[in-house]
Every structure is written in C-alpha cells, then in structure tokens.
Amino acid sequence: MNAPALDRNPGDRTPGDRTPGSRSPLDRTPGGAAGDGAAPARSAAPGPGTSAARRRARTAGWSVVAAVLLVLLTGIALGTGQVRMTVWEALSALAGSGDPGNVLVVQEFRAPRVVSALIAGAGLAVAGSMLQRLFRNPLASPDTIGVTGGASFGAVLVLATGASQELVPPAALGGGLLAALLLGGFAWRSRMAVTRLVLVGLAVQQGLAAAVNLMIVRFPAELASSAMQWTTGSLYGRNWDEVWIGGSAVALTTAAVVLTQRRVAVLDLGDDSAGGLGLDPRRDRVLLLLLTIALASLAAALTGPVAFVALAVPHLVRLLAGPPTLGTLGLTALTGSLLLLASDLLVLHVIPVHGLPVGAVTATLGAPWLLVLMIRQGRLPRRNS
C-alpha cells in the first residue's frame, strides 16, 4: 500500500506532482502558451492604445453629431423671420438657387449674421481651450485674463473717432495685445507662476472695462449707443465686408493654432520634460500665448466680447470626449459655433426683448457655470477611505 502524500518531504516531489496553481514546463508549448492540461491564462488588460482608440472614436462620434446639429441650426437660423422658409429652402437660397426673393433675404441680410456667429464662436472656443492648457488653469479664458477687455478698449477707441468699421478688427487685436503686455509685465516683475496669472488677468480685465465705460460716458449720444451695444457682444448689423476681413483673420490664426498642437502636447508634459525634448518652455509658451490672444481678439472684433463661450465650451468638450487632443480641438470649434448660434436664435426669436445682445444670453448661461467651476476649484480633496 502506498504511503499517503502527506508523509512525503517537500524535497521528495516527483516531476508529476504540482503545487496548487503551479504549472509544469511540460505543460507549455514552445511559444509559451499553456497546453491542454494547464489553467487558462488571464485576459490581458486593455492597453493605452485601446483607450486612445476609444477616445478617438468618441471624439469622432460627437463631432459628427455637432456637425449635423450645426447644419440643421444654420438652416433654421437662415429660414426663420418675417419671411419664413424651410431648412432646405434656406440652405438652397444660401447657395444661390431657389426663389430670388429668398436668395436676397438669406444672402444679404441673414447669412452675414449667421456666418459671423459661426466664425466667432469657433474662434473664442478654440482660444479658451488653448488658454486653459497654457495656463494650466480651468478658469483661464479671454474673459478672465483681460483679452476681451483689451479688445473692447481698442474697438471702442476706434468707434470714438468715427473711423470706418473696417478698422475695428485691427484695433481690437491691438487692444488684446495691450492686455497681454500688461499681464506679462505684472507677471515678469513679480515672478508669478503661470498657474496664478488668472488673478492678475482679472485685475487687468476690470481696469480696461473701467476705461471703456469712461469713454462711453464721454461719447456723444449717437456713438455711445453703438459702442455700448458692441461691448456687450452683438451680432446685429454684420455685413459681408466685416465677415470677410474678420473671418479670414480668424481662419488664418486658427490654422496657425492647429499647426502648433504638437508643441502644446509636449508642453503639457511639464516644463522639465519639454526642456528635455528640445523645447524652450518659456519662449514657446509666450509665443503660443500671443497667438492665442490674437485669435481671441480677432474673434471678439467680429462680434464684440461675447462672454463665457471661451470658458464653458472647453469644459463641455472635455466632459464629452476626454483630454484635449487635435481631434477635440475640432470638436471644440464646432461646439463653440453651435453655442453662439443657438444663443443668437434665442435672442431673435424666443426671448421677448427687442434689441437684446447675444452676449447677455451667453453671460446668463455662463455665470452659473463659472460659479460651479470656482466651487470645484476651492473644494478640498477628499480623504481616502
């Protein structure tokens, strides 16, 4: 009778004996896979490539949804008014076909306003996304670092002289760059970290807003009305000359921003890592900041300083599609256009207040969002359970 297995010493194991969960070399195939007698191998966890592919698919899906909604909303905006049209009739009139009366109404009166909303919304949203990445602060936007205040200062200064409307975009750009110089001067003297520059930007914004209000008070009555409407953000009275000049500038600047995304991605790794990869973090960050401020200023020159589009849209896109990439930047542009166009539709056809600027609607929608962000930023981290 054989001795029980418990009587064996640990060193007396035979080749056929195994401890629970162990495998014999004989049970493995030459490639390392388990044989028929071996326990099944664990499934591999999804790698970084799988997660990135899912994010890209999610971004592409939301981009398609945003593009379809944007086309539909554009048709509604072009076809709604005293002369009503279907979405298809409005889009056909925009292309120059259909009833001549519809073509005149759409192309000469409605299309400049709609195209201005699309261009300015995209430019402001992209600028807000870039500023939040460069400042590493979710509260950074053209509204909070003084860019829109500087653009307003430059544009109102031109309006005060009675100059041509064609000079408003370069004046707004100059005002935005003035705000950037003030912000950079304060930061350079105090050696302030880039993550805290938003506080300085708020001070610059309020100072420039006070200067704008002072100029408006001193204006003649006929100039004060148009300047006040511009500073609140309005799409009223846009014409094709303004659209072509401002839109071309915004498009070129946006293209330049897209071309810098590789550098921005490297800067996201941190200054030490970016320096190790051959970049000069301070120089590149300043250049990218100037480019972003130029984009925000030109977008504001087209519609006025429309509030909170640049602040809210990047957070919404991050919630839907994940961390910022080149793909999410395109989704950000589409969402910004969608938000500004939808707000303008509310102003024209839903809210019963004649002459209400679109900036009042975006500010009303954005104020609670800013409050929620500030509460989240000030909340203490939870303790681990």
* Asked: Which is it for T80 and R84 under the side chain to side chain donor-acceptor pair (under 3.5 Å) test, yes or no, and what are the steps along the way?
  -> CA-CA 5 Å; T80 305; R84 292 188 175 274; 5.0 Å; no
Smallest heavy-atom separation, V309 atom then G121 atom, equals CG1-O, 4.1 Å
Go through it in stages, so that I can follow the logic: the residues are T303 and V358, the test is side-chain contact (heavy atoms from CB on, under 4.5 Å), and I'd like the CA-CA distance, side-chain angles, deciding distance and then a yes or no. CA-CA 9 Å; T303 60; V358 68; 5.8 Å; no
Going only through I, L, V, M, F, W and Y residues with side-chain contacts under 4.5 Å, is there a path from V103 to L94? no
- Going through the checks in order, is the side-chain contact (heavy atoms from CB on, under 4.5 Å) test met by E108 and N239? CA-CA 8 Å; E108 296 301 323; N239 57 58; over 6 Å; no
Q. Does one hydrophobic cluster hold both L287 and V266, with members joined at side-chain heavy-atom distances below 4.5 Å?
A. no
Q. Do Q205 and T144 come close enough that some side-chain heavy atom pair is under 4.5 Å?
A. no
Under the criterion side chain to side chain donor-acceptor pair (under 3.5 Å), I'd like the reasoning laid out for S141 against Q132: C-alpha separation, chi angles, the key distance, then a yes or no. CA-CA 7 Å; S141 76; Q132 289 175 13; over 6 Å; no
**Prompt:** Just checking, any donor-acceptor pair under 3.5 angstrom between side chains of S116 and E242?
**Reply:** no
Q. Given side chains that start at C-beta, do those of I145 and F135 come closer than 4.5 Å, heavy atoms only?
A. yes
Q. Do any N or O atoms from the side chain of E89 and from the backbone of G98 form a donor-acceptor pair under 3.5 angstrom?
A. no
| Short side-chain to backbone donor-acceptor contact, W88 and G75, under 3.5 Å | no
For residues L173 and L177, determine if any side-chain heavy atom of one lies less than 4.5 Å from a side-chain heavy atom of the other. yes
Rounding to 0.5 Å, atoms CG (L302) and CG (L235) come to a distance of 8.0 Å
* To do: Please confirm whether the backbone N or O of A209 pairs with a side-chain atom of N213, one donor and one acceptor, at under 3.5 Å?
  => yes
I'd like to know if the side chain of T362 and the backbone of A307 have a donor-acceptor N/O pair within less than 3.5 Å. yes
Side chains of P323 and R318, heavy atoms from C-beta outward: is any pair under 4.5 Å? no
Fill in: R285 side-chain N/O to L134 backbone N/O, donor-acceptor pair under 3.5 Å
yes
In short, P142 meets A127 closest at the heavy-atom pair CG-CB, 4.4 Å
Any heavy-atom pair between the side chains of W240 and V115 that's under 4.5 Å? yes
Heavy-atom nearest pair, V306 first then G233, reads CG2-CA, 4.0 Å
Do V313 and S129 have side-chain heavy atoms sitting under 4.5 Å apart? no
Determine whether L326 and R262 make a side-chain contact, defined as any pair of heavy atoms from C-beta on separated by less than 4.5 Å. no
* Can any side-chain N or O of S248 pair as donor or acceptor with the backbone N or O of I245 at less than 3.5 Å? -> no
- Task: Verify the cluster assignment for V83 and F109: are they in a single hydrophobic cluster under the rule of side-chain heavy atoms below 4.5 Å apart?
- Result: no
Rounded to the nearest 0.5 angstrom, the OG1-CG distance for T59 and L320 is 9.5 Å
Between the CD atom in Q261 and the CG atom in D268, the distance rounded to the nearest 0.5 Å is 9.0 Å
In short, R110 meets M85 closest at the heavy-atom pair NH1-CE, 3.8 Å
Note to self: In this structure, would V258 and I119 fall into the same cluster of hydrophobic residues linked by side-chain contacts under 4.5 Å?
What the structure shows: yes
side-chain contact (heavy atoms from CB on, under 4.5 Å) filter on S337, not counting sequence neighbours, yields L70, L118, A122
For A66 and L331 the tightest heavy-atom approach is CB-CD1, 4.1 Å
So CG of N102 and OG of S92: to nearest 0.5 Å the spacing works out to 9.5 Å
So if you build clusters from Ile, Leu, Val, Met, Phe, Trp, Tyr with side-chain heavy-atom gaps below 4.5 Å, do L178 and L157 land together?
-> yes
_Keeping H349 on the side-chain end and G81 on the backbone end, is there a donor-acceptor pair under 3.5 Å?_
no
V257 backbone acceptor or donor facing T260 side chain under 3.5 Å:
yes
A quick test of your reading: do over 12 heavy atoms of other residues, nucleotides or ligands sit less than 6.0 Å from CH2 of W244? no
d(L345 CG, L73 CG) to nearest 0.5 Å is 5.0 Å
When rounded to the nearest 0.5 Å, the distance separating CG of L131 from CG of L289 is 6.5 Å
D143 side-chain N/O to F308 backbone N/O, donor-acceptor pair under 3.5 Å: yes
ask   = Would you find a donor on one side and an acceptor on the other, under 3.5 Å apart, between the side chain of R263 and the backbone of L259?
value = no
Looking only at heavy atoms, the pair that brings A90 and L78 closest together is CB-CB, 3.7 Å
- [ ] Could you walk me through whether L91 and V87 pass side-chain contact (heavy atoms from CB on, under 4.5 Å), step by step?
- [x] CA-CA 6 Å; L91 294 176; V87 172; 4.0 Å; yes
Under the criterion side-chain contact (heavy atoms from CB on, under 4.5 Å), I'd like the reasoning laid out for V147 against S297: C-alpha separation, chi angles, the key distance, then a yes or no.
CA-CA 7 Å; V147 175; S297 301; 3.6 Å; yes
